[in-house]
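In what follows, a structure is listed as structure tokens, so that the remarks can point back to it.
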Amino acid sequence: MNRRNSQTLCDSSDFLICGNCQRALRKDKKMLIPPPSRGPSAFIPQKEFGQANDVNKLTNRLAEEYSTSGRLDNITQVMSFHPQYLESFLRTQFYLLRVDGPLPYHYRHYIAIMAAARHQCVYLINMHVEEFLSTGGSAEWLSGLEYIPQKLKNLNEINKLLAHRPWLIKKEHIQKLVRTGENNWSLAELVHAVVLLAHYHALASFVFGSGINPERDPDTQNGIQTAVRNKFCVCDLANDNNIENISQTSNDAEQNGDYESELEALMERMKKLQEEREDEEASQEEMATRFEKEKKESLLVVSGAFDEEVISTSNVSRYIEDPGFGYKDFARRGEEHLPTFRAHDYSWEDHGFSLVNRLYSDIGHLLDDKFRMVYNLTYNTMATHEDVDTTMLRRALFNYVHCMFGIRYDDYDYGEVNQLLERTLKVYIKTVTCYPERATKRMYDSYWRQFKHSEKVHVNILLMEARMQAELLYALRAITQHLT
């Protein structure tokens, strides 16, 4: 047995899982684990959530109406910074899990477990273990993939590709799943499953990017034991995962002045870009060149000095196949050039929406409302500044995620990404989107230091939805190719 397999298959009793970064930690390592932080998030002070007001009343009402877990969970509390979006998110999630549809209810929760396991997201795994059992699922299935029906096992390949390299999904993957036979998937069932997988891959990004705390100590009989920490991930404390040019910061006046000057500089760049847009529009050839340049430059964005291997405990890896398979840069050096996905040729609005709605009634409308909500959500503020048009910044965030997945918009000037997104923010975006289990508080704190926590949660919502839409575009295009 090679070293990787021996690590992957080792006894899970030798490990704890960090409650924030979800990486496996050897119990025999000499490290101090701080007491659990209180509140919904390890990244956001509890006082940010504590005030009773109309927003909290709305959040409680939405949780009562749409919660599938029967409680006001930490994800909902963090998302409540943006109640309009929260309602759209909860309504969509409730429809996927609880409204009559192509898939049996216990299948839906097991698919959520399989999706969350790709990123070792113990928070979501434990949540859906409970719901899987409460909807009639067999406890034996929780022992691992070898105990589940072959039909569910057949989702492993598309789960793996969607989570890490969705551009590899081809019509042949779809044909293999829907071919005639005892374990085949109908197209309606497959669309339901694909939407669930994309939803929970993206939600894992939000969980890690927002430092969502565990709800409570899970029942380790079916769930997975976690070790929680306070301000910094225990992995940071033990391994000192530094990011170039990023350091711990204090709140002294001098640094506050630096943060303010960073904010002013960003606003000045936004103003200058807007003026340049109005003066001269770049040609299609120039915009295509800028996209390729940004795609290649994304290779240089690294997420810190992490170990090449992330150990996965058997408790998590029992829900996935090929645990070593992960994100690989779309524009890898020295490899055959992969074609760019041009949104002009296959977009959510013109193609994906109608296909989803035709095969899985109404979910297309709910997803479309959610995508439009997050894309247009604004309060016209930036930190302490009001009456600011943030459209340019929001579009840069959304399109940078799609760029990392090889998706290009013909009408977008990718030169704006480099002007608007500082390097520490790019590190954060790439980590949260591509390997969220590696996200730390240090990364969260390192970018846009003058901005409010609610604005950083807004960023995480944008990243989550951009990632989900990217996964869906590749999967739905493959389904369309299968149908034509």
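Every heavy atom of this structure was used, including side-chain atoms; hydrogens, water molecules and symmetry mates were not. Positions are given from 1 along the sequence.
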| query | Is any side-chain heavy atom of Leu367 less than 4.5 Å from a side-chain heavy atom of Lys370? | reply | yes
Problem set entry | Side-chain heavy atoms of His453 within contact of Tyr444, under 4.5 Å | yes
Worksheet item: Between Leu397 and Ile429, is any pair of side-chain heavy atoms under 4.5 Å apart?
Response: yes
Would you kindly say whether Ser41 and Ser210 are connected by a side-chain donor-acceptor distance under 3.5 Å? no
Nearest heavy-atom approach of Pro83 to Leu58 is CB-CD2, 3.5 Å
Is the ring pair His365/Phe353 parallel, tilted or perpendicular, if the boundaries are 30 and 60 degrees? perpendicular
* To do: Apply the test side-chain contact (heavy atoms from CB on, under 4.5 Å) to residues Ile320 and Lys160: give CA-CA distance (whole Å), side-chain angles for both, the deciding distance (0.1 Å), then the verdict.
  => CA-CA 8 Å; Ile320 54 175; Lys160 177 177 78 172; over 6 Å; no
Hits for ring-ring contact (aromatic ring centres under 6.0 Å, His included) against Phe398, two or more places apart or cross-chain, chain-then-number order -> Tyr375, His402
For Glu65, the side chain to side chain contact (heavy atoms under 4.5 Å, CB included) test, sequence neighbours excluded, returns Arg61
* **Modelled atom types, side-chain donor and acceptor of Thr340 and Arg408, under 3.5 Å** => no
Is there a side-chain contact between Thr433 and Tyr327 (heavy atoms, below 4.5 Å)?
no
Check your understanding: Any chance the side chains of His351 and Asp345 put a donor and an acceptor closer than 3.5 Å?
Key -> no
dist Leu190:CG -> Ile479:CD1 (nearest 0.5 Å) comes out at 4.5 Å
Sorted by chain and residue number, the side-chain hydrogen bond (donor to acceptor under 3.5 Å, both in side chains) partners of Tyr66 (sequence neighbours excluded) come out as none
* Asked: Honestly, is Arg165 close enough over Tyr474, meaning NZ or CZ under 6.0 Å from the six-membered ring centre and within 45° of the axis?
  -> no
When every non-hydrogen atom of Leu86 is compared with those of Ser80, the smallest separation belongs to CD2-CA, 4.0 Å
*Salt-bridge present (Asp389, Lys271; N to O < 4.0 Å)*: no
**Item:** Lys/Arg N to Asp/Glu carboxylate O, Lys426 vs Glu422, below 4.0 Å
**Value:** no
Please tell me if the side chains of His192 and Leu359 come closer than 4.5 Å, counting only heavy atoms from C-beta onward.
no
Would you check if there is a donor-acceptor pair between the side chains of Tyr428 and Asn460 at a distance under 3.5 Å? yes
| Ring centre gap for Phe49 and Phe81 strictly below 6.0 Å | yes
- Message: I'd like to know whether Thr76 forms a side-chain contact (heavy atoms from CB on, under 4.5 Å) with Asp73, so could you lay out the CA-CA distance, the side-chain angles of the two residues, the decisive distance to 0.1 Å, and finally the verdict.
- Response: CA-CA 5 Å; Thr76 301; Asp73 60 51; 2.9 Å; yes
>> Arg467 vs Glu471, test: salt bridge (charged side-chain N to carboxylate O under 4.0 Å, His left out). Steps then yes/no.
In response: CA-CA 6 Å; Arg467 177 184 178 177; Glu471 289 190 25; 3.0 Å; yes
For Thr59, the side-chain hydrogen bond (donor to acceptor under 3.5 Å, both in side chains) test, sequence neighbours excluded, returns none
Contacts of Glu455 meeting side chain to side chain contact (heavy atoms under 4.5 Å, CB included) (sequence neighbours excluded), chain-then-number -> Thr381, Ala383, Phe451, Lys452
Task: Ion pair check, Arg98 and Glu131, cut-off under 4.0 Å - done: yes
Output for pair (Phe341 CZ, Tyr409 OH), nearest 0.5 Å, gives 8.5 Å
Between the OG atom in Ser354 and the CD atom in Glu349, the distance rounded to the nearest 0.5 Å is 11.0 Å
Applying ring-ring contact (aromatic ring centres under 6.0 Å, His included) to His385 and not counting sequence neighbours gives none
- Message: Do Gln84 and Leu377 have side chains that approach each other closer than 4.5 Å (heavy atoms only, starting at C-beta)?
- Response: yes
I would like to know whether Arg395 and Asp411 meet salt bridge (charged side-chain N to carboxylate O under 4.0 Å, His left out); could you show each step before the answer?
CA-CA 12 Å; Arg395 194 172 185 195; Asp411 63 346; 3.0 Å; yes
The reported gap from CE in Met443 to CZ in Phe43 (rounded to nearest 0.5 angstrom) is 9.0 Å
Residues Arg118 and His164: side-chain donor-acceptor under 3.5 angstrom: yes
Between the CG atom in Leu263 and the OG1 atom in Thr384, the distance rounded to the nearest 0.5 Å is 6.0 Å
>> Determine whether a donor-acceptor pair (N or O, by modelled atom type, separation under 3.5 Å) exists between the side chain of Ser88 and the backbone of Tyr85.
In response: no
Cys403 and Tyr414 have their tightest heavy-atom pair at CB-CE2, 4.2 Å
Heavy-atom closest pair (Trp167 atom, Met404 atom, distance to 0.1 Å) is CZ3-O, 4.3 Å
Exactly one of Met468, Glu465, Arg394, Gln469 clears side chain to side chain contact (heavy atoms under 4.5 Å, CB included) with Val374, and that residue is Glu465
His128 meets the ring-ring contact (aromatic ring centres under 6.0 Å, His included) criterion, sequence neighbours left out, with His109, Tyr200
Closest heavy-atom pair, Ala478 versus Ile169, reported as atoms and distance to 0.1 Å, is CB-CG2, 3.8 Å
Rounded to the nearest 0.5 Å, the CD1 atom of Ile461 sits from the CE atom of Met373 at a distance of 10.5 Å
- For residues Phe208 and Thr431, determine if any side-chain heavy atom of one lies less than 4.5 Å from a side-chain heavy atom of the other. no
| query | Without hydrogens or angle criteria, can the side chains of Tyr319 and Asn159 be said to hold a donor-acceptor pair below 3.5 Å? | reply | no
Does the Lys430 side chain pair with the main chain of Val401, one donor and one acceptor, at a distance under 3.5 Å?
no
Sorted by chain and number, sequence neighbours left out, side chain to side chain contact (heavy atoms under 4.5 Å, CB included) with Asn376 holds for Arg372
side-chain hydrogen bond (donor to acceptor under 3.5 Å, both in side chains) filter on Asn380, not counting sequence neighbours, yields none
- [ ] Could you tell me whether the side chain of Met392 reaches within less than 4.5 Å of the side chain of Glu416, counting heavy atoms only?
- [x] yes
Taken in chain and number order and not counting sequence neighbours, the residues that satisfy side chain to side chain contact (heavy atoms under 4.5 Å, CB included) with Tyr95 are Val99, Tyr360, Asp362, Ile363, Leu366
The side-chain hydrogen bond (donor to acceptor under 3.5 Å, both in side chains) partners of Arg108 (sequence neighbours excluded) come to none
Nearest heavy-atom approach of Ala204 to Pro436 is O-CB, 4.1 Å
Residues passing the ring-ring contact (aromatic ring centres under 6.0 Å, His included) test with His82, sequence neighbours excluded, are Tyr379, His458
